[in-house]
Each structure stands twice: as structure tokens, then as C-alpha cells.
Amino acid sequence: MEGYEEFKKQVLSLTHIDLSLYKEKQMRRRIDSLVTKHHLDNYPAYVKLLREDRSVFEEFVNFLTINVSEFYRNPDQWKLLDEEYIPYLIEKFGRNLKIWSAACSTGDEPYSLVMALSKHIPLANIRIMATDIDKQVLAQAKAGLYSEKSIKSVPDEFKAKYFTKIGTSYQISDEIKKRVEFREGNLLKDTYPSACDLIVCRNVVIYFTDEAKHDIYEKFNKSLKTGGLLFIGSTEQIMEYRELGYKRRSSFFYEKE
């Protein structure tokens, strides 16, 4: 399909999502399949539909944002967080930690953080800020209903304590939900929170261009307190971490120097 450059401008105007910051081949393939799904054969017709039909607009934003999420994804990394890095953070910054779960998707990650922290800190002291660009996944996160597959890596003690089976799904308890504040947030455009002790952003930045990645990691660094940690995904690495002001603590944990 022709006219993708103009389409990107229209999308930026409509959604504040800058498609030029995403890998183009992958993103165009995803968008073209969505245009075809609505029996259209060009971008202007699709933009017209996005303007006129709110449900199509919401579907488009949902489709653009990559929402593959599960609790305790890569359990070995969560074990390291539990045994080494949460104790480190508490010793350095105290028990009222400022934690940001960036691009939190359907809430699996911030809720996992609450449970992991609950082994070290009373629930009443735990507060997680969780952001995502996608309203639909934030609504799912607030509902807190998950499939068996999503919670398969949750430690048994937490499954028993914090989940209730409803049909074939599992509802997370209000005790955990109350500890997370969900907000809309766009990593590519919005202001980042400041003075964070821990930022968790996993398996999202891989979808951006190298320039956008560099910018995001730089802004994460500015958001952290000195000695604060960035926890990234198992599919990611920060190549130029030293020049960005990080010290590598282990494969997926970086400390602000």
C-alpha cells in the first residue's frame, strides 16, 4: 500500500503514537493486515474510519501495542529480584520504595512486583505506579482477571493466597490490586516520573528503533535515583549502558551510577 509516510503523520495527529519510532517492516505488516480486515485497500480510507468509529480507533491502538504478558515471566530473573535486588533496594532507600512499571500491559508485571515485595515489606507500604499507552489493557489490568496460562509461574504460596478461581479464569485479590495505581502513559512522548528507586520495563523496547531505545534508556536513567535499578526483559540488552550512565549488575539489571 502506498502513502505510508502520510499515514504516519495522520496517526501521530490522532493518537500521539509516532510510528517512525517503530521498526517499519514489522509495523507496516501489522497495520496492513488490520486495514485489510476492514475490507479497505488504502490508508486514507482507514484513517477516515479511525476518525469516525471509536471502536475501530480503540482496536487500532490495542493492535499497535504489543501485549504479551504473564506473571513472573522468566522466573529466574524474579528469583534474583527477590533474593538480591529487593533487599539491596530496601537497605539503600528504605521500605517506602518508589517503583514504576513502564508499559505494564494487562497488569501481570506490577501485580507480580507487589507479590514479590510482600515477602520483604508489609503490603501497606507497597505502592507501584504502572503505565501503558493502551486503554484497553489498562481496563483489563484493573479488572484483574487472568487465564491459567498467565499465572502459571506465580509461586504456589501466592496463587493460594491472592487468586480466586472463577470458571476457567483467576481473579487477583483486592489486597494486591489496591497497591497499584494504573495510568495512561506513552514512553515515546510523555514526561517520565522522577526519583524512582526501581523501574521495570520488560520486552517492550525491542519493538522500537535503536534511536528510540537510546532515548528511552536515557530518560529511564534520569528518572532513577543514583543507585536505583532498571529491570529489563530477557530479550533485551543495553549495548551502550556505560555512556548512558548505568552500571551492569547482572544480565537484566542495571544500576544508575
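What you see is a predicted model; the values in this text were computed from it and never measured.
Under 4.0 Å is where a charged nitrogen must lie from a carboxylate oxygen, and between Lys48 and Glu52 at least one such pair does. Residues Glu257 and Lys247 are not paired through a salt bridge, judged by the lack of any N-O separation under 4.0 Å between the basic side chain and the carboxylate. Lys37 and Glu59 are joined by a salt bridge, as a carboxylate oxygen and a charged side-chain nitrogen come within less than 4.0 angstrom of each other. Ionic pairing of Asp76 and Lys79 is not present here: no N-O contact between side-chain nitrogen and carboxylate oxygen is shorter than 4.0 angstrom.
Lys142 places no side-chain N or O within 3.5 Å of a backbone atom of Gly107 that could act as its donor or acceptor partner. Listed for the Ser112 side chain is a donor-acceptor partner under 3.5 Å among the backbone atoms of Tyr72. The main-chain N or O of Cys201 is never found under 3.5 Å from a side-chain atom of Glu109 such that the two would form a donor-acceptor pair. Side-chain atoms of Arg73 never come within 3.5 Å of backbone atoms of Asn203 as a donor-acceptor pair (strictly under, hydrogens ignored). Under the 3.5 Å distance criterion, the side-chain polar atoms of Asp132 are matched with a main-chain donor or acceptor of Ser105. Counting only distance, with no hydrogens or angles, the side chain of Tyr88 and the backbone of Leu81 share no donor-acceptor pair below 3.5 Å. One N or O on the side chain of Glu236 and one on the backbone of Gly233 form a donor-acceptor pair closer than 3.5 Å. Of the possible donor and acceptor atoms, none in the side chain of Lys98 sits under 3.5 Å from a partner among the backbone N and O of Arg127. Panel note: side chain Asn221, backbone Gly245; a donor-acceptor pair is recorded below 3.5 Å. Remark: the backbone N or O of Asp53 is not paired with any side-chain donor or acceptor of Glu58 at under 3.5 angstrom.
Checking Arg179, Arg183, Lys178 one by one against Glu181, the side chain to side chain donor-acceptor pair (under 3.5 Å) holds for a single residue, Arg183.
When all heavy atoms of Ala130 and Val180 are compared, the closest pair comes out as CB-CG1, 3.8 Å. Heavy atoms only, all atoms of each residue included: Ile151 and Lys159 are closest at O-CE, 2.9 Å. Pairing each heavy atom of Phe93 with each of Asp197, the nearest pair is CG-OD1, 3.2 Å. A pairwise comparison of heavy atoms in Ser101 and Ile128 identifies CB-CG2, 4.2 Å as the closest pair. Contact record, Leu40 with Leu49: CD1-CD2, 4.0 Å, taken as the closest heavy-atom pair. Annotation for Leu224 and Lys256: closest pair O-NZ, 2.9 Å, computed over non-hydrogen atoms.
With a 6.0 Å radius and a threshold of 12 heavy atoms from other residues, nucleotides or ligands, Glu243 has its CD atom above the threshold. In this structure, Glu157 places its CD atom where more than 12 heavy-atom neighbours from other residues, nucleotides or ligands lie under 6.0 Å away. Atom CZ of Arg242 has 12 or fewer neighbouring heavy atoms from other residues, nucleotides or ligands inside a 6.0 Å radius.
Ring centers of Trp78 and Phe231: under 6.0 Å apart, within the cut-off. Taking the ring centroids of Phe182 and Tyr111, they lie under the 6.0 Å cut-off. Taking the centre of each ring, Phe71 and Tyr170 stay at or above the 6.0 Å mark. Aromatic ring centres of Phe163 and Tyr146 lie farther apart than the 6.0 Å criterion allows.
Annotation for Met239: hydrophobic cluster partners, listed by chain and number, are none (ILVMFWY side-chain heavy atoms under 4.5 Å, direct or chained).
Relative ring orientation between Tyr43 and Phe7 is described as parallel, the plane-to-plane angle staying below 30° on a 0-90° scale split at 30° and 60°.
Remark: Lys9 pairs with no residue by the salt bridge (charged side-chain N to carboxylate O under 4.0 Å, His left out) rule, at least two apart or across chains.
Figure legend: Arg249 and Tyr85 shown without cation-pi pairing, the cationic atom not lying both under 6.0 angstrom from the six-membered ring centre and within 45 degrees of its axis.
Met115 and Leu123 fall within a single hydrophobic cluster, where Ile, Leu, Val, Met, Phe, Trp and Tyr side chains are chained together by heavy-atom contacts under 4.5 Å.
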*asked:* Using the rule given for ring-ring contact (aromatic ring centres under 6.0 Å, His included), can you reason through Phe220 versus Tyr254, listing the C-alpha separation, both sets of side-chain angles and the distance that settles it, and then say yes or no?
replied: CA-CA 11 Å; Phe220 280 155; Tyr254 293 82; over 10 Å; no
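With rounding to the nearest 0.5 angstrom, the CD atom of Gln77 is 13.0 Å from the CG atom of Asp82.
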